[in-house]
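Please read the structure below before turning to the comments.
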Amino acid sequence: MVQKVNATRGMRDFLPAEKARRERALNIIREVYRSHGFTEIEAPAVEDFGRLHSGLGGDNEKLSFSILKRGLTGQDLSDAAAAESTDSLTDLGLRFDLTVPLARYYATNRAQLPGVFRAIHIGPVWRAERPQRGRYRQFVQSDIDIIGEGSALAEAELITATSQALDALGLQDCAIRVNDRRILTELLNHCGFSEEEHAAALITVDKLDKIGAEGVVAELAEQNPEAADEIGRVLARFEQAGATVAGGAPLNAEAIAAVLPEGVASEAAAHLDELAQAVTPGLPAGVTLCFDPTLVRGMGYYTGTIFEIAHPGSGSSVGGGGRYDGMIGRFLGEDVPAVGFSIGFERIMELVELPSSSDAEVVALISDKDLPAFQLLALKRELLDAGKTVRIVWRQKNMKALLSNLAAEGVTHTAAVRAETAGAADLEIRPLAG
RNA sequence: GUGGCUAUAGCUCAGUCGGUAGAGCAUCGGCUUGUGGUGCCGAGGGUCGCGGGUUCAAGUCCCGUUAGCCACCCCA
């Protein structure tokens, strides 16, 4: 090797065996989503820069890859330098999630879509993060969304379909934590935080499991001591109700009322209760549902219900979503309710164990060296016509290594080809033991 | 974006106190073996991630850089 070559930072190559494993998992997920009445769409990886930076993507906007305009001149560069902004140099960007493109897609194609649209949207997204395990710069998200349904039916269908997909992948011990943005907003108002203080306060509350209630209160006291004291009392109430420990509080009206202060978010609580009643009876054994009043989620576009999938085998969340009723109105000029649920495909793949399926018969023709191509292709055609999958390899000295490599690559049978082999009838097709 | 750890042959790794690199597997060749899983002998393959510096001498010490991993941050 002349020089070390790598795939681009944070992006990966997949060898055939891993690619096959990913495709199998993806097909399982698609199958479940389809059976729940969702239909698959595709949208471009590139979106308009302005749409990606409309303030809806939260922190992810800062992580997006931008694309330079074609044919920039030195004058363009000095203009940008004078304006101290690179915005004029860029007009497109790679999508950092599938939700913003879906909202744009819906606004574009609404006339040809059903009134309540159930979409499957699977594809790569890009974020310029610092990579590590379970965190890449290119990764696949697997989303389902329901557009045009404002009732808890939408959340219930999404959570049910996603739970079934996790179950079909063989995952156990998944916990779906649920909360509502309106609950968070009312809690902060109740404590006495001003609108401007909300964003920073939410980030702090989100750290509860890491820095504890004292840590949260101490951090918030820096900007608003009185409200921080009040939130300390609220958090104490959460703890008393068991809502802050793993597993959280049950998701029903009584438990929610027990956790929240008097008069806070009764509308949102009723919405959560309704969706829990619809979902719980059909929940697979490997998935539990709970109410977590401290669940925040960073995306700026959520307006109502929010949820997140946790799994003990993963340090970070393996999925998430929520209601974003305001976003489509940005593109369409008319508000349309919408909810989405995303599975973090890369993180799921680190948890699932899939059997190496493929019951198809894969035959390797092991040919003596230097047999003519016409002889080998004639044999291959005969076997293909008989419905087999065929691969041609040359005989090599170390048969042990050859055979075990073939087995690892999914070959199930072998047949020796010699100069005197006239047709498939002369082949002795033998099963290959791993 | 911040901090820490790591980088040696195609792969997995060893390399002590600084003295210009080794093993196993893989590859290739010869012989052996019942031409389908054997055994023996031999060969090729490395500017030690990259770029600087210290030194008579650097894989080894120092600085920078790139990539991976880990903890933050954030999230899928």
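From a predicted model like this one, the values you see are computed outputs, not experimental measurements.
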Mark yes or no for a side-chain to base donor-acceptor pair under 3.5 Å between A:Arg130 and B:rG3, with no hydrogen or angle criteria applied.
yes
P atom, B:rC13 versus B:rG18: distance in rounded Å?
26 Å
Contact class for A:Ile203 (heavy atom, under 4.0 Å): base, sugar-phosphate, or nothing?
sugar-phosphate
Show the nearest heavy-atom pair for residues A:Val140 and A:Glu346, with the distance to one decimal.
N-OE2, 2.7 Å
Would you say A:Arg133 has more than 12 foreign heavy atoms packed within less than 6.0 Å of its CZ?
no
A:Trp394 CH2 - B:rC28 C1' separation (whole Å):
17 Å
Give me the one residue out of A:Leu365, A:Leu376, A:Val417 that meets side chain to side chain contact (heavy atoms under 4.5 Å, CB included) with A:Trp394.
A:Leu376
B:rC11 C1' sits how many Å from A:Leu15 CG, rounded?
12 Å
When all nucleic acid strands are considered with a 4.0 Å heavy-atom cut-off, which category describes A:Ala415: base, sugar-phosphate, or nothing?
base
Is there a donor on the side chain of A:Arg347 or the base of B:rC75 sitting less than 3.5 Å from an acceptor on the other?
yes
Toward the 5' end of RNA chain B, which comes first, A:Arg133 or A:Ser317, by nearest nucleotide?
A:Arg133
Over how many whole Å does the gap from A:Arg135 atom CZ to B:rC72 atom P extend?
10 Å
Of A:Gly344 and A:Arg395, whose closest RNA chain B nucleotide lies nearer the 5' terminus?
A:Arg395
Just by distance, do the side chain of A:Asn60 and the backbone of A:Leu63 share a donor-acceptor pair under 3.5 Å?
no
Applying a 4.0 Å non-hydrogen cut-off, can you work out what A:Ser142 is touching in the nucleic acid: base, sugar-phosphate, or nothing?
nothing
Which value, in whole Å, describes the distance between the P atoms of nucleotides B:rU38 and B:rC25?
12 Å
Rounded to whole Å, the CZ-P distance (A:Arg177 to B:rC75) equals 12 Å
Work out how far the P atom of B:rU54 is from that of B:rU16, and round it to whole angstrom.
24 Å
Taking only the side-chain nitrogens and oxygens of A:Gln132, find out if one of them lies under 4.0 Å from OP1 or OP2 of B:rG68.
no
Using a 6.0 Å cut-off, check whether atom CD of A:Glu428 has over 12 heavy atoms from anything other than its own residue.
no
Under the 5.5 Å and 30° test, is A:Phe345 stacked on the base of B:rA76?
no
Classify A:Gly10 by what it touches in the nucleic acid, base, sugar-phosphate, or nothing, heavy-atom distance under 4.0 Å.
sugar-phosphate
Indicate whether OP1 or OP2 belonging to B:rA76 is found under 4.0 Å from a side-chain N or O atom of A:Arg297.
yes
Could you check how far CD1 of A:Ile343 sits from C1' of B:rA76, rounded to whole Å?
11 Å
Determine: side-chain N/O of A:Arg418 to OP1/OP2 of B:rG36, distance under 4.0 Å, yes or no.
yes
Can you confirm if the NZ or CZ of A:Arg22 lies within 45° of the ring axis of A:Phe14 and under 6.0 Å from the centre of its six-membered ring?
yes
Quick one: A:Leu98 CG to B:rA76 P, roughly how many Å, whole number?
11 Å
Pick out the pairs of N or O atoms, protein on one side and nucleotides 38-45 of chain B on the other, that lie under 3.5 Å.
none

Within a reach of under 6.0 Å around CD of A:Gln172, are more than 12 heavy atoms found that belong to other residues, nucleotides or ligands?
yes
Return the pairing partner of B:rU6 with a 3.5 Å limit on both distances, Watson-Crick or G-U wobble; otherwise return none.
B:rA67
B:rU27 P sits how many Å from A:Asn405 CG, rounded?
8 Å
Any side-chain N or O of A:Arg9 less than 4.0 Å from the OP1 or OP2 oxygen of B:rA67?
yes
Under 3.5 Å donor-acceptor pair, A:Ser404 side-chain atoms to B:rG37 base atoms
no
Pairwise C1' distance, B:rG29 and B:rG34 [rounded to whole Å]
23 Å
Hey, are A:Lys19 and A:Glu23 close enough for a salt bridge, meaning a charged N less than 4.0 Å from a carboxylate O?
yes
The side chain of A:Leu403 lies closest to which of these nucleotides: B:rA76, B:rG4, B:rG36?
B:rG36
Considering only side-chain heavy atoms of A:Asp206, which listed nucleotide, B:rC75, B:rU35, B:rG1, is closest?
B:rC75
Distance under 6.0 Å and angle within 45° of the ring axis: does A:Arg12 meet both against A:Tyr136?
yes
Expected output: side-chain A:Thr421 to main-chain A:Arg418 donor-acceptor under 3.5 Å:
yes
Can you tell me the base-pairing partner of B:rA57? Count Watson-Crick or G-U wobble geometry only, both distances below 3.5 Å, and say none if there is no partner.
none
When rounded to whole Å, the CZ to P distance for the pair A:Arg137 and B:rU66 reads 11 Å
Taking only the side-chain nitrogens and oxygens of A:Arg127, find out if one of them lies under 4.0 Å from OP1 or OP2 of B:rC75.
no
Applying a 3.5 Å limit to both distances, which nucleotide forms a Watson-Crick or G-U wobble pair with B:rC17?
none
